Amino acid sequence: MVTLQDVSAAAERIGDMIRVTPCRSSASLSRLAGGQVWLKCEHLQETGAFKLRGAANAAARLGDVAGVTTASTGNHGRALAHAARQLGLPAVICVSRLVPRNKLDAIKALGAEARVIGASQDEAFEEARRLKRDEGFALIPPFDHPDVIAGQGTLGLEIIDQIPDAATIAVPLSGGGLLAGVALAVKGLRPDIRIVGISMERGAAMAASLTAGHPVAVEEVETLADSLGGGIGLNNRLTFAMCRDLMDRIVLLTEAEIAAGIRHLALEDGETVEGAAAVGAGAIIAGKLRAEDGPLVLILSGGNIDPDRHAAIVRGEA
Ligand SMILES: *Cc1c(COP(=O)(O)O)cnc(C)c1O
């Protein structure tokens with residue numbers, strides 16, 4: 001179980017490790033949504049995504065460990081490497097041989113070891129489990145962990161502070177650590193605020209699981225919202241039930257709608273975000289999300305996108 005008290009304790013614990021990110025209004029999206037729209041700029045967080053909140057909280061709570069490990073090469077791996085360095089803990093990020101050089105370099109630049117092992121993500125994950133079992137490392141997962149969820153929840157506390165009259169918060173949704181934490185914090189303080197989860201239409205594991213009534217596996221397909229891919233774990237312990245109980249509505253977007261969100265945020269709002277972070281804007285443009293009954297807050301969850309890819313999308317070529 002995770003509680004509002006856990007989120008408040010996390011905010012205190014990680015206060016020196018994270019940035020309070022700005023929350024700014026968007027005139028163009030407000031026009032399209034029929035009411036005030038705010039952008040919570042978490043793509044300006046240290047390491048470029050909100051994931052530092054959860055990773056920092058989980059790492060800061062550890063007792064005597066040899067170090068921390070995970071098998072994520074995306075935003076969670078970056079965040080964990082950064083948090084470990086802040087805390088003076090060794091970090092080993094396990095990656096497969098398929099991971100490109102630039103991602104390895106990014107992990108090393110954060111002071112972590114990138115351990116290249118095996119030919120698949122599963123084999124890399126096996127090495128992380130071995131480090132835990134045999135070498136006293138703590139394995140910090142990307143979403144389904146109470147300290148990670150509590151850390152992500154600190155984003156919800158910040159939003160309530162910055163936009164006290166918020167009516168709806170739109171949350172990019174993958175494994176559900178972000179939505180679970182934000183919803184827990186927000187509904188604990190303001191039960192009237194609605195939480196809308198947004199995923200891509202293809203390969204959304206949480207959406208499929210909620211429909212099935214239990215965690216299911218989905219086929220992974222390529223998507224512009226690459227940080228929203230991946231499963232929720234067939235043995236999901238926390239985020240499935242929390243999303244089921246705390247989320248008011250789910251919105252699913254096509255690839256074209258996600259691209260439109262990226263493009264709009266770049267051209268109209270001057271914000272460079274990755275696909276996962278553009279789903280709120282994409283949903284407004286697609287007419288799937290409105291702000292008629294009070295201020296709507298979009299979480300711009302991350303900004304880690306290849307610059308050439310971003311430029312091509314903004315030019316309308318992808
Ligand atoms: C991880 C991530 C998400 C989704 O978070 P979950 O906790 O897995 O639902 C959304 N946006 C970005 C940029 C991410 O890195």
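Note: hydrogens, waters and symmetry copies are ignored here, and every other heavy atom, side chains too, is used. Quick caveat: nothing in here was measured; it's all calculated off a predicted structure. Order of listing sets the numbers, starting from 1, for every ligand and every atom in it.
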| request: Please name the pair of heavy atoms, one in Gln152 and one in Gly54, separated by the smallest distance, quoted to 0.1 Å. | output: OE1-N, 2.8 Å

| query | Do we see a donor-acceptor contact under 3.5 Å between the side chains of Glu42 and Thr21? | reply | yes

| said: For the residue pair Asn75 / Glu274, report whether a side-chain donor-acceptor contact shorter than 3.5 Å exists. | reply: yes

| Would you say Glu257's side chain and Gly282's backbone share a donor-acceptor pair under 3.5 angstrom? | no

| With sequence neighbours excluded, residues passing salt bridge (Lys or Arg N to Asp or Glu O under 4.0 Å) with Arg19 | Glu46

For ligand 1, list all ligand N or O to protein N or O distances below 3.5 Å, rounded to 0.1 Å.
{"unit_1": "ligand 1", "atom_1": "7 (O)", "unit_2": "Gly177", "atom_2": "N", "d": "2.9"}
{"unit_1": "ligand 1", "atom_1": "7 (O)", "unit_2": "Leu178", "atom_2": "N", "d": "2.9"}
{"unit_1": "ligand 1", "atom_1": "8 (O)", "unit_2": "Gly175", "atom_2": "N", "d": "2.9"}
{"unit_1": "ligand 1", "atom_1": "9 (O)", "unit_2": "Ser174", "atom_2": "N", "d": "2.9"}
{"unit_1": "ligand 1", "atom_1": "9 (O)", "unit_2": "Gly175", "atom_2": "N", "d": "3.2"}
{"unit_1": "ligand 1", "atom_1": "9 (O)", "unit_2": "Gly176", "atom_2": "N", "d": "2.7"}
{"unit_1": "ligand 1", "atom_1": "11 (N)", "unit_2": "Ser301", "atom_2": "OG", "d": "2.7"}
{"unit_1": "ligand 1", "atom_1": "15 (O)", "unit_2": "Lys51", "atom_2": "NZ", "d": "2.6"}
{"unit_1": "ligand 1", "atom_1": "15 (O)", "unit_2": "Asn75", "atom_2": "ND2", "d": "2.8"}

| So, Glu268 side chain and Ser28 main chain: donor-acceptor pair closer than 3.5 Å or not? | no

